[in-house]
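Below, all heavy atoms of this structure are taken into account, side chains as well, without hydrogens, waters or symmetry copies. Model, not experiment: these values are computed from the prediction.
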Amino acid sequence: MDEKTLIAKRVALELRDGNLVNLGIGLPTLVARYLPAGVNVFFQSENGIVGMQALPEEGMEDDDLTDAGGGPIGAVPGACAFDSAMSFGLIRGGHLDVTVLGGLQVDQEGKLANWMVPGKMVPGMGGAMDLVSGARRVIVAMQHSAKGESKILKRCTLPLTSARPVSLVVTDLAVIEPTPGGLLLRETAPGVTVAQVLANTAADLIVPDDVPVMPITA
Amino acid sequence: MDEKTLIAKRVALELRDGNLVNLGIGLPTLVARYLPAGVNVFFQSENGIVGMQALPEEGMEDDDLTDAGGGPIGAVPGACAFDSAMSFGLIRGGHLDVTVLGGLQVDQEGKLANWMVPGKMVPGMGGAMDLVSGARRVIVAMQHSAKGESKILKRCTLPLTSARPVSLVVTDLAVIEPTPGGLLLRETAPGVTVAQVLANTAADLIVPDDVPVMPITA
Amino acid sequence: MSKVRTLEDAVALIPDGATLMIGGFMAVGSPLRLIDELVRQRKRDLTIIANDTARPGQGIGKLIVEKLAARVVASHIGLNPETQKQMIAGDLQVELVPQGTLAERIRAGGFGLGGVLTPTGVGTVVEEGKRTVEIDGRTFLLELPLKADFALINAKRADYLGNLEYALTARNFNPIMAMAAETVIAEAQDIVPVGVIPPDAVVTPNVVVDLLVAKERRHG
Amino acid sequence: MSKVRTLEDAVALIPDGATLMIGGFMAVGSPLRLIDELVRQRKRDLTIIANDTARPGQGIGKLIVEKLAARVVASHIGLNPETQKQMIAGDLQVELVPQGTLAERIRAGGFGLGGVLTPTGVGTVVEEGKRTVEIDGRTFLLELPLKADFALINAKRADYLGNLEYALTARNFNPIMAMAAETVIAEAQDIVPVGVIPPDAVVTPNVVVDLLVAKERRHG
């Protein structure tokens, strides 16, 4: 199983039946494929729908039904559409149970940077700041390192997405939970040792005596 | 013609084709009957509709279609329904062209009191404060005096509805326009002299050389 | 995980002393079955957030007459003399809020906003005790969000998932209240299968509705 | 008093330097005919308030490529490298606003509110230069209302009076923008007689729509 699949599968285990979930573009989108049996969730797309799903097949596109990237999607029976103010009312008002977002950096306090690299990439924050400030649970799904450098740092060097800590960080090496006391190592990926996680993490980690392996099977 | 009809007819002359208009309960409601020929307006009821009209006949009531007093109404073709936040967005946001409201008192600066009499009548302001603060034009339609006392005073003794002056006051004796310089006597009612208006007004009035009579015919 | 509950079970979840938002405008669009059941189960010390208290024997007015409310937040109580009587007697605490401000305060509660900046009420008794904010030379009142333990909602139609659709002026405060409460209980004139209400006709998304009151059995 | 104008006449009303709100999300729900006509008439120095600048050859992206915009207020420009290029070169001023804040600022402009109090952006670069307000121990940013000279709106259906109905995710910013501009110009995929769109399906009331763009003649 490749790293992205591993991350997506582990994140999927965090979703509960009936949850309203918003998946960011890229890796987080994969989470939808790995919902555990018996867990039915509603996916929101912040451009204005609850109940999005993948397009069933080519040739079924509707020009008026797209995801936040502008790509064609489908909708489940019972989907509902609304304007942007309502869409972010759901996000900011605490109605969104879970958002899964990509990350550039996460710091020791659990704060996320994922929307810009000054001088290089200034795409705009889109809905990311509202999602991180408003969702009940914010799960970061990302590679643990990029170009050999840890993305989990003592302090983010990139501009923050929110001053609010995220709820959980899932990487190809570990599951890490930001707590008031610091970053808690919750799980390691299959075949990865605690020592490997520590070696690849630039932030301090709280390591309990027993660190279970992610309950992921192929 | 009775006094209320006179007032309603005169107010109706203030409405322009295409206006969005909100009529308060009581006397203001009568205005709808006297729209000049060629003037088509939309009536808003703040409980959530644009395009209200009188019920065409008994037996046509819809339990889900009422005015702000809870009484059954009809709707014109092209009417639209919405929630209370939107309804007051139309009012507060300057989309409502004219509101016509009853009044208890109007003061020298054009400020209106029309929502409570401390110790006697505390009905709540309902939509009145938003209407007076938000409508493009606020027209007060009221008797000039009550129980022999002028309702147009130097200073309101009752709690104000808004700190914002109203646009026009139409009574059974006169049309008065609040201006930055004071209350301007614009018209007298048919058969009423300027002296009679002055005698019945406790506030100072600016009286131009020429005060026309209200252009009202039976 | 079905959201459907009997009327009795749904109302049984509401404790004495709860804060309730109740939709409707002069009882039009009010959840009349839920209100009757509140009376039957004699829920007390309620805080009621609603546009008005209707008339004495009607909708929310019944809760007033039965003295089940300890506090009311409303824009208008003028057509219910009983509300005024209890208020003057000191038995009922009443906070009067301009109607547009009430709508925005409820919306702010449900939409995660810190408050509302409105020109309505500036320079009146409504301003008393409140902060004002100057913006571009204009003065606005800072009005605080409203939230509730329960929102009791009336809809024209619901589907099995809890998507709600409203009718004409019966919509009023229902959609914003459905966003602003910890638990949202909806009663609907019709309940239809999922898919019957098209996505663009849904006003309240199923994800904010917690419980749907079952219709009364007509047969058997 | 008909609101119907030809595409050419409607766009001719827009002066150079105007502030435009333009509906749509990655061109979905954008008024594509109006945008093309802005390009054809070469309206310049525009301030564009919109969710995004789409892609270079698409929707609002065309206005960027043609260098007709002097300023953009948007939440996302990442899929239009031309916007970023002009911004970095200093030819285009870009204000980036969190998407939910952008929606509320536009709504506040149209709903007569003094501003928006949002937790979004607190403690980030978005906070720079802005006032904060403490409410019940939490910090909120005071974000100011947005208004425009013109709103360019795309609807699924309009009736002759200008009542508008939207489709699925093409709704997005259109309804709130239709409330926040001095002059609202709508183009619709279908135009139908008054009464065809039922009152509960209308999302934008006719009274806020000033002009409706006529359909192109297909016959004769």
Side-chain angles (χ1 to χ4, degrees), chain B residues 25 45-52 62-75 79-94 109 111-113 115-116 118-134 156 158-164, chain C residues 23-29 51-55 58-59 72 74-81 83-84 87-88 94-104 106-108 111 118-127 139 154 156 166-177 189 203-204:
Chain B
I25 50 171
S45 188
E46 66 266 27
N47 51 327
I49 194 162
V50 162
M52 71 179 283
D62 177 345
D63 288 347
D64 294 323
L65 182 54
T66 52
D67 62 21
I73 55 172
C80 44
F82 34 76
D83 70 21
S84 296
M86 176 68 172
S87 196
F88 282 85
L90 289 170
I91 291 167
R92 205 190 306 98
E109 294 176 330
K111 291 179 185 171
L112 171 69
W115 72 280
M116 76 175 286
K120 279 194 186 162
M121 181 192 86
V122 192
M125 65 293 281
M129 287 192 171
D130 294 285
L131 285 161
V132 178
S133 300
C156 290
L158 297 173
L160 294 178
T161 306
S162 174
R164 179 187 175 213
Chain C
F25 196 115
M26 287 306 296
V28 177
N51 179 64
D52 55 69
T53 53
R55 291 187 164 83
Q58 182 194 48
V72 165
S75 84
H76 200 266
I77 57 169
L79 297 172
N80 190 335
T83 309
Q84 300 198 49
M87 176 178 72
I88 290 164
V94 177
E95 181 187 352
L96 292 171
V97 182
Q99 199 167 120
T101 301
L102 184 63
E104 286 295 319
I106 293 167
R107 181 182 182 274
F111 278 57
T118 177
T120 302
V122 171
T124 75
V125 295
V126 168
E127 183 177 329
T139 303
N154 176 269
K156 183 72 174 177
Y166 304 94
L168 298 167
T169 59
R171 187 184 303 204
N172 56 68
F173 281 81
N174 284 296
I176 48 177
M177 287 177 170
Q189 281 172 254
V203 174
T204 295

With side-chain contact (heavy atoms from CB on, under 4.5 Å) as the test, would you mind laying out the steps for B:Met52 and C:Thr169 before giving the verdict? CA-CA 10 Å; B:Met52 71 179 283; C:Thr169 59; over 6 Å; no
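- For a residue to count as touching a neighbouring chain, one of its non-hydrogen atoms must lie under 4.5 Å from one of that chain's; by this rule C:Thr83 does not touch chain B.
- Taking 4.5 Å as the limit, some side-chain heavy atom of C:Leu96 sits within range of a side-chain heavy atom of B:Val122.
- Heavy-atom minimum distance, C:Gly123 versus B:Ala163: CA-CB, 4.1 Å.
- Counting heavy-atom pairs closer than 4.5 Å to chain B, the top residue among C:Met87, C:Gln84, C:Arg107 is C:Gln84.
- Each of C:Asn172, C:Val97, C:Thr101, C:Asn174 has some count of heavy-atom pairs under 4.5 Å with chain B, and the biggest count is that of C:Asn172.
- Residues C:Val125 and B:Trp115 have side chains in contact (heavy-atom distance under 4.5 Å, counting atoms from C-beta outward).
- For B:Thr161, the part sitting under 4.5 Å from any heavy atom of chain C is the backbone (N, CA, C, O) and nothing else.
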Please walk me through it: do B:Phe88 and C:Gln99 pass side-chain contact (heavy atoms from CB on, under 4.5 Å)? CA-CA 8 Å; B:Phe88 282 85; C:Gln99 199 167 120; 3.2 Å; yes
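- Residue B:Arg92 comes nearest to C:Pro119 through the heavy atom pair CD-CD, 3.9 Å, listed as atom of the first residue, atom of the second, then distance.
- Closest approach of C:Leu168 and B:Asp62 over heavy atoms only: CD1-OD2, 3.4 Å.
- B:Ile25 CD1: 12 or fewer foreign heavy atoms inside a 6.0 Å radius.
- Of all non-hydrogen atoms in B:Met129 and C:Pro98, the two that sit nearest each other are SD-CG, 3.8 Å.
- Heavy atoms closer than 4.5 Å to chain C are found in the side chain of B:Ser133, but not in its backbone.
- Heavy-atom distances place no part of B:Ser87 under 4.5 Å from chain C, backbone and side chain included.
- Counting only heavy atoms from C-beta outward, the side chains of B:Thr66 and C:Met26 never approach each other to under 4.5 Å.
- If you measure heavy-atom distances from B:Asn47 to chain C, the contacts under 4.5 Å come from both the backbone and the side chain.
- Options C:His76, C:Lys156, C:Glu127 differ in how many heavy-atom pairs under 4.5 Å they form with chain B, and the most are formed by C:His76.
- Only the side chain of C:Pro175 comes within less than 4.5 Å of a heavy atom in chain B; its backbone stays farther off.
- Across B:Leu131, B:Ile73, B:Asp130, the residue that shares the most heavy-atom pairs under 4.5 angstrom with chain C is B:Asp130.
- Contact annotation for B:Ile91: neither backbone nor side-chain heavy atoms come within less than 4.5 Å of a heavy atom of chain C.
- Between C:Leu79 and B:Gly69, the shortest heavy-atom contact is CD1-O, 4.3 Å.
- Under the 4.5 Å side-chain criterion, counting only non-hydrogen atoms from C-beta, B:Met125 is not in contact with C:Thr120.
- In this structure, the portions of B:Ala68 lying under 4.5 Å from any heavy atom of chain C include both its backbone and its side chain.
- The part of C:Phe25 that comes within reach of chain B is its side chain, from C-beta onward, which places non-hydrogen atoms under 4.5 angstrom from that chain.
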